[in-house]
Amino acid sequence: MSWTELGDRTWVRRYDEWDLNVGLVAGADGALVIDTRATTAEAEQLRDHIRELTDLPVKWVVNTHAHFDHVNGNGVFEGAEVFLHENAAAEENLAGTTFAAAKVIDLGDRRVELLWVGNAHTSGDTVVAVPDVEVFFVGDLLEESAPPSYGADSFPLEWPDTIQAVVGMMPPTVRIVPGHGAVVDLEFAHDQAIELGRVANLISSLHHAGTSLDDALRSTEDWPWPVEKLQDAIRRGYAVLGTPQRPSLPLLGPG
């Protein structure tokens with residue numbers, strides 16, 4: 001549990017609690033923190049850890065999405081401007097400066113770009129790009145240490161297109177910080193995007209075949225992850241697709 005420098009004045013720290021990654025980007029005018037941990041005490045520890053690297057004031061906080069393990073420490077960074085997507089703010093009634101599609105934060109001698117590409121892990125996932133060092137913080141759009149987290153607020157049928165769009169923006173030598181787990185590369189992101197697509201396709205195929213929701217939840221299809229980890233994905237997919245209809249055979253015409 002220590003800081004890893006990913007590029008010029010750009011760091012990640014991976015915490016045992018929730019296996020969460022926190023990012024830090026420093027510029028001439030101040031420091032920017034990406035996600036603030038799950039509790040006030042954890043955020044206070046983070047604040048102390050930041051002082052190991054820089055005495056610059058934390059002027060900006062970015063939340064990659066609205067889940068508690070990424071936002072509950074926001075209040076510790078008094079005076080910092082909090083940025084998050086407008087959907088994330090609405091989901092949890094979070095205070096902050098919101099944006100709809102894109103936002104650039106000027107750190108003085110460099111910029112950080114915030115991007116919303118579409119529904120995926122939640123409706124308000126923010127991608128944080130640091131272009132001058134080719135580092136992308138993607139929150140829970142990708143995970144390394146566990147299967148992607150499909151919760152009751154996820155969009156399993158849209159997630160594959162969203163992550164493919166994000167991956168399409170990345171340079172070949174990108175370093176990608178997932179919400180949880182080790183830093184990954186473009187090949188890992190491509191592979192997980194394919195697996196997310198498999199989940200969406202299998203849900204759609206089961207529904208098209210007339211499989212009931214109860215049977216789909218117990219399905220032994222060739223899922224990329226244990227079906228027990230995909231219960232909310234299947235439920236959310238079926239909620240969008242509606243009640244499955246049993247396919248009917250065409251009536252035979254006169255012989």
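The figures here come from the full heavy-atom set of this structure, side chains too, leaving out hydrogens, waters and symmetry mates.
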| What distance do L53 atom CG and R13 atom CZ have between them, rounded to the nearest 0.5 Å? | 8.0 Å
| said: Could you report the tightest heavy-atom contact between L141 and A120, atom names first, then the distance? | reply: CD2-CB, 3.3 Å
| remark: Partner of E134 under side-chain contact (heavy atoms from CB on, under 4.5 Å), picked from T10, L6, T173, is T173
| Donor-acceptor pair between D140 and S149 side chains, under 3.5 angstrom | no
| query | Between N63 and D35, is a side chain to side chain contact (heavy atoms under 4.5 Å, CB included) present by the stated rule, with each step listed? | reply | CA-CA 5 Å; N63 295 139; D35 290 335; 4.0 Å; yes
| message | side chain to side chain contact (heavy atoms under 4.5 Å, CB included) for D109 and R9? Distances and angles first, verdict last. | response | CA-CA 11 Å; D109 58 346; R9 296 169 293 162; 3.0 Å; yes
| Min side-chain heavy-atom separation V128-E113 under 4.5 Å | no
| note | All heavy atoms of H85 vs all of A100, minimum pair found to be NE2-O, 2.7 Å
| request: Would you please say whether a donor-acceptor pair under 3.5 Å links the side chains of E91 and S123? | output: yes
| said: Do V240 and W159 land in one hydrophobic cluster if side-chain heavy atoms of ILVMFWY residues count as linked below 4.5 Å? | reply: yes
| said: Could you measure the distance from the OH atom of Y238 to the OG atom of S212? Nearest 0.5 Å is fine. | reply: 7.0 Å
| Given side chains that start at C-beta, do those of T211 and S219 come closer than 4.5 Å, heavy atoms only? | no
| task | Answer yes or no: is there a donor N or O on one side and an acceptor on the other, between the side chain of T36 and the main chain of N74, under 3.5 Å? | result | yes
| message | To check you understand the geometry: which heavy-atom pair defines the closest contact between I163 and A193, and what is its length? | response | CG2-CB, 3.7 Å
| field | Check: D222 main-chain N/O paired with R198 side-chain donor or acceptor under 3.5 Å | value | yes
| So if you build clusters from Ile, Leu, Val, Met, Phe, Trp, Tyr with side-chain heavy-atom gaps below 4.5 Å, do L107 and V82 land together? | no
| task | Apply side chain to side chain contact (heavy atoms under 4.5 Å, CB included) to the pair T220 and V227, showing each step before the final yes or no. | result | CA-CA 8 Å; T220 58; V227 71; over 6 Å; no
| Atom CD in Q45, atom OG1 in T39: separation rounded to 0.5 Å? | 9.0 Å
| task | Look at the aromatic rings of W18 and F68 and report parallel, tilted or perpendicular, splitting at 30° and 60°. | result | perpendicular
| request: State, yes or no, whether a side-chain contact exists between L115 and M169 at a heavy-atom distance under 4.5 Å. | output: yes
| task | Identify the heavy atoms of K229 and Y150 that sit nearest to each other, and give their distance. | result | O-CD1, 4.4 Å
| Minimum side-chain heavy-atom gap V174-V135 below 4.5 Å | no
| note | Closest non-hydrogen contact found for F155 with D153 is CE1-O, 3.5 Å
| request: Give the C-alpha distance, both sets of side-chain angles, the deciding distance and a yes or no for side chain to side chain contact (heavy atoms under 4.5 Å, CB included) between H65 and T126. | output: CA-CA 6 Å; H65 59 291; T126 293; over 6 Å; no
| query | Just checking, R37 and Y15: is the charged tip under 6.0 Å from the six-membered ring centre and within 45° of the axis? | reply | yes
| message | For residues L142 and L157: do they belong to one hydrophobic cluster (side chain heavy atoms under 4.5 Å, members Ile, Leu, Val, Met, Phe, Trp, Tyr)? | response | yes
| said: Can you confirm whether more than 12 heavy atoms, excluding those of W3, are under 6.0 Å from its CH2 atom? | reply: yes
| Tell me, do V133 and R110 make a side-chain contact under 4.5 Å, heavy atoms counted? | yes
| request: Decide yes or no for V62 and I105: does some side-chain heavy atom of the first lie under 4.5 Å from some side-chain heavy atom of the second? | output: yes
| message | Are V166 and V177 linked, directly or through intermediate hydrophobic residues, by side-chain heavy-atom contacts shorter than 4.5 Å (ILVMFWY only)? | response | no
| said: More than 12 heavy atoms of other residues, nucleotides or ligands under 6.0 Å from CD of E52: yes or no? | reply: yes
| message | Is any side-chain heavy atom of F83 closer than 4.5 Å to one of K103? | response | yes
| request: Kindly work out whether a path of hydrophobic side-chain contacts (I/L/V/M/F/W/Y, heavy atoms less than 4.5 Å apart) joins V127 to I34. | output: no
| said: Counting only heavy atoms from other residues, nucleotides and ligands, does the tally under 6.0 Å from CZ of R111 exceed 12? | reply: no
| query | Do R236 and I203 come within less than 4.5 Å of each other through their side chains, counting heavy atoms only? | reply | no
| Side-chain (T162) to main-chain (N119) donor-acceptor, under 3.5 angstrom | yes
| field | Residues D125 and T122: side-chain donor-acceptor under 3.5 angstrom | value | yes
| task | Without swapping roles, check the side chain of S154 against the backbone of G151 for a donor-acceptor pair under 3.5 Å. | result | yes
| query | Roughly how far apart are L20 CG and R14 CZ, rounded to 0.5 Å? | reply | 10.5 Å
| message | To the nearest 0.5 Å, what is the distance between CG on D185 and NE2 on H190? | response | 9.5 Å
| field | Rounded distance (nearest 0.5 Å) linking atom CD of Q245 with atom NE2 of H208 | value | 12.0 Å
| query | Which atoms form the tightest heavy-atom contact between G237 and P156, and what is the distance? | reply | N-CG, 3.8 Å
